[in-house]
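Hydrogens, waters and symmetry mates are skipped; everything else that's a heavy atom, side chains included, is used.
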Amino acid sequence: MGRLTINSTIKLASGYEIPQLGFGVYQTPPKDTAKCVAEAFKVGYRHIDSAAFYRNEGACGEAMRATAWSIPRDQIFFTSKVPPNKMGYEGTKAQVDESLAKSGLDYIDLMLLHAPYGGSARRKGSWKALVEAVEAGKVRSIGVSNYGVHHLDELEQHIAELERERGGGKGKGGVISVGQWEIHPWCARRDIVAWCAQRGVAVEAYSPLVRGQRFGEPVLKRLAEKYGKSEAQVLVRWSLQKGFIPLPKSVNPDRIRSNADVYDFEIAPEEMDELETDEYSYVAWDPTTASLDE
């Protein structure tokens, strides 16, 4: 891995580049979102992670348009997600159009299926709708969020089926560019990460700061003191060095800034291992364990 900077990107299976540091807007009130995103742009973030469920796609688009004079659209990577209640072919198709309308954008850089709920037929229908959205130029890259390995295996089957059903072979079933999960040293999801690594799927890590619930842990505290950084900065750096795409979020300008100030130190390999645990302790939700029927 070359030297990481705030401009570092990862090449996706779709061919597009994604900035490796993202700015999350989960639970950011719509009225505050544009201001927070503008602050993130000022600091150097160029990747915004939203979702239909967050109800702030419009404010993200507003912030993007407000800075268009200084940051061209093609330098910003915008993500949205299809909520569980829109799973299925028609629902997902409608959601893509709705997200475009709400954000006021001509295209969405990345559209994810937010969770695997809805059953096999709906998951397949949703994926097909995303593939068509890419072909129509509405979306550039597609992927999933919160899928377990069993859901990912099923998606590969769906892709193979769509290639046959739609004709034209490889590519006609779509390409999984990104998977997004809650990942941090206390929920490392090694099985999912290995599945993605074997297939060139980029891994995004939400809740990389564990909502602050692990601040004060001995190893984390020691590393923060050693490197003269905050515990949050150590966690963002850990995620980057793992090759993940962390999505830290904050509404506090100082924290927005400090979460991006992680490029002047490097955690030693043995410390990276020491920080990672065998725990399976998530702080958000965990749809990865849902059955294929749910």
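Between the Q233 side chain and the S230 main chain, a donor and an acceptor come within less than 3.5 Å of each other. Looking at R123, its side chain never comes within 3.5 Å of a backbone N or O of G88 through a donor-acceptor pair. Counting only distance, with no hydrogens or angles, the side chain of E231 and the backbone of G216 share a donor-acceptor pair below 3.5 Å. In this structure, the side chain of R237 engages the main chain of F265 through a donor-acceptor pair within 3.5 Å. Remark: side-chain polar atoms of S103 are not paired, donor with acceptor, to backbone N or O of E57 under 3.5 angstrom. In this structure, E276 contributes its side chain and W186 its backbone to no donor-acceptor pair below 3.5 Å. At distances below 3.5 Å, at least one donor-acceptor pair connects side-chain atoms of R189 with backbone N or O atoms of E182. Of the possible polar contacts, one joining the S8 side chain to the T5 backbone as a donor-acceptor pair under 3.5 Å is found. Within the 3.5 Å criterion, the main-chain N or O of L235 finds no donor-acceptor partner in the side chain of S239. Checking side-chain atoms of H151 against main-chain N and O of A290 turns up a donor-acceptor pair under 3.5 Å.
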Legend entry - D49/K249 under salt bridge (Lys or Arg N to Asp or Glu O under 4.0 Å): CA gap, chis, key distance, verdict: CA-CA 9 Å; D49 182 81; K249 57 152 294 209; over 6 Å; no
Inset, instruction - Apply side chain to side chain contact (heavy atoms under 4.5 Å, CB included) to S80 and S99, showing your working. - result: CA-CA 7 Å; S80 194; S99 292; 3.8 Å; yes
Inset, instruction - Check the pair D109 / R73 against salt bridge (Lys or Arg N to Asp or Glu O under 4.0 Å), numbers first and verdict last. - result: CA-CA 10 Å; D109 294 275; R73 169 70 183 96; 2.8 Å; yes
Inset, instruction - Please assess K81 against L113 for the test side chain to side chain contact (heavy atoms under 4.5 Å, CB included), listing each intermediate value before the final yes or no. - result: CA-CA 6 Å; K81 308 179 192 80; L113 300 178; over 6 Å; no
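None of K128, R140, R166 except one satisfies the salt bridge (Lys or Arg N to Asp or Glu O under 4.0 Å) rule with E135; the exception is R166.
Taking a 6.0 Å sphere around CZ of R214, one finds it holds more than 12 heavy atoms contributed by other residues, nucleotides or ligands. For D106, the CG atom is loosely surrounded, since the number of other residues' heavy atoms within 6.0 Å does not exceed 12.
For the atom pair K93 NZ and S126 OG, the distance stands at 12.5 Å (nearest 0.5 Å). Interatomic distance, K172 NZ to L162 CG, rounded to the nearest 0.5 Å: 10.5 Å. Rounded to the nearest 0.5 Å, atoms CG (D191) and SG (C196) are 9.5 Å apart. Going from atom CD of E161 over to atom NZ of K124 covers 4.0 Å, rounded to the nearest 0.5 Å. The CG atom of L240 sits 9.5 Å away from atom CD1 of I6, with the distance rounded to the nearest 0.5 Å. Separation of atoms OG1 (T288) and CH2 (W181) is listed at 9.5 Å; rounding is to 0.5 Å.
By the 30° and 60° cut-offs, the orientation of the rings of Y282 relative to Y280 is perpendicular.
At a threshold of 4.0 Å, the pair E132-K138 does not count as salt-bridged, since none of the basic side-chain nitrogens sits closer than that to a carboxylate oxygen. Taking 4.0 Å as the cut-off between side-chain N and carboxylate O, R222 and E271 do not count as a salt-bridged pair.
Nearest heavy-atom pair across A63 and V37 is CB-CG1, 3.6 Å.
If you chain together hydrophobic residues whose side chains sit under 4.5 Å apart, F53 and I142 fall into the same group. Hydrophobic clustering, with ILVMFWY side chains joined whenever heavy atoms are under 4.5 angstrom apart, keeps F23 apart from L110. In terms of hydrophobic clustering, with Ile, Leu, Val, Met, Phe, Trp and Tyr side chains grouped at heavy-atom distances under 4.5 Å, Y45 and I18 are assigned to different clusters. Residues V131 and Y89 are members of separate hydrophobic clusters, defined by side-chain heavy-atom contacts under 4.5 angstrom among Ile, Leu, Val, Met, Phe, Trp and Tyr.
For F41, there are no ring pair (Phe, Tyr, Trp, His ring centres under 6.0 Å) partners, not counting sequence neighbours.
Among residue pairs with one or both ends in residues 96-136, those qualifying as ring pair (Phe, Tyr, Trp, His ring centres under 6.0 Å) are Y54-H114, H114-W285; sequence neighbours excluded.
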Without placing hydrogens or testing angles, list every side-chain donor-acceptor pair under 3.5 Å for residues 251-259, not counting sequence neighbours.
| from | atom 1 | to | atom 2 | distance (Å) |
| --- | --- | --- | --- | --- |
| N252 | OD1 | D254 | N | 2.8 |
| N252 | OD1 | R255 | N | 3.1 |
| D254 | OD1 | R257 | NH1 | 3.1 |
| R257 | NH2 | E39 | OE2 | 3.3 |
| S258 | OG | D254 | O | 3.4 |
| S258 | OG | R255 | O | 3.3 |
| N259 | ND2 | R255 | O | 3.3 |

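Between I48 and T79 there is no side-chain heavy-atom pair separated by less than 4.5 Å.
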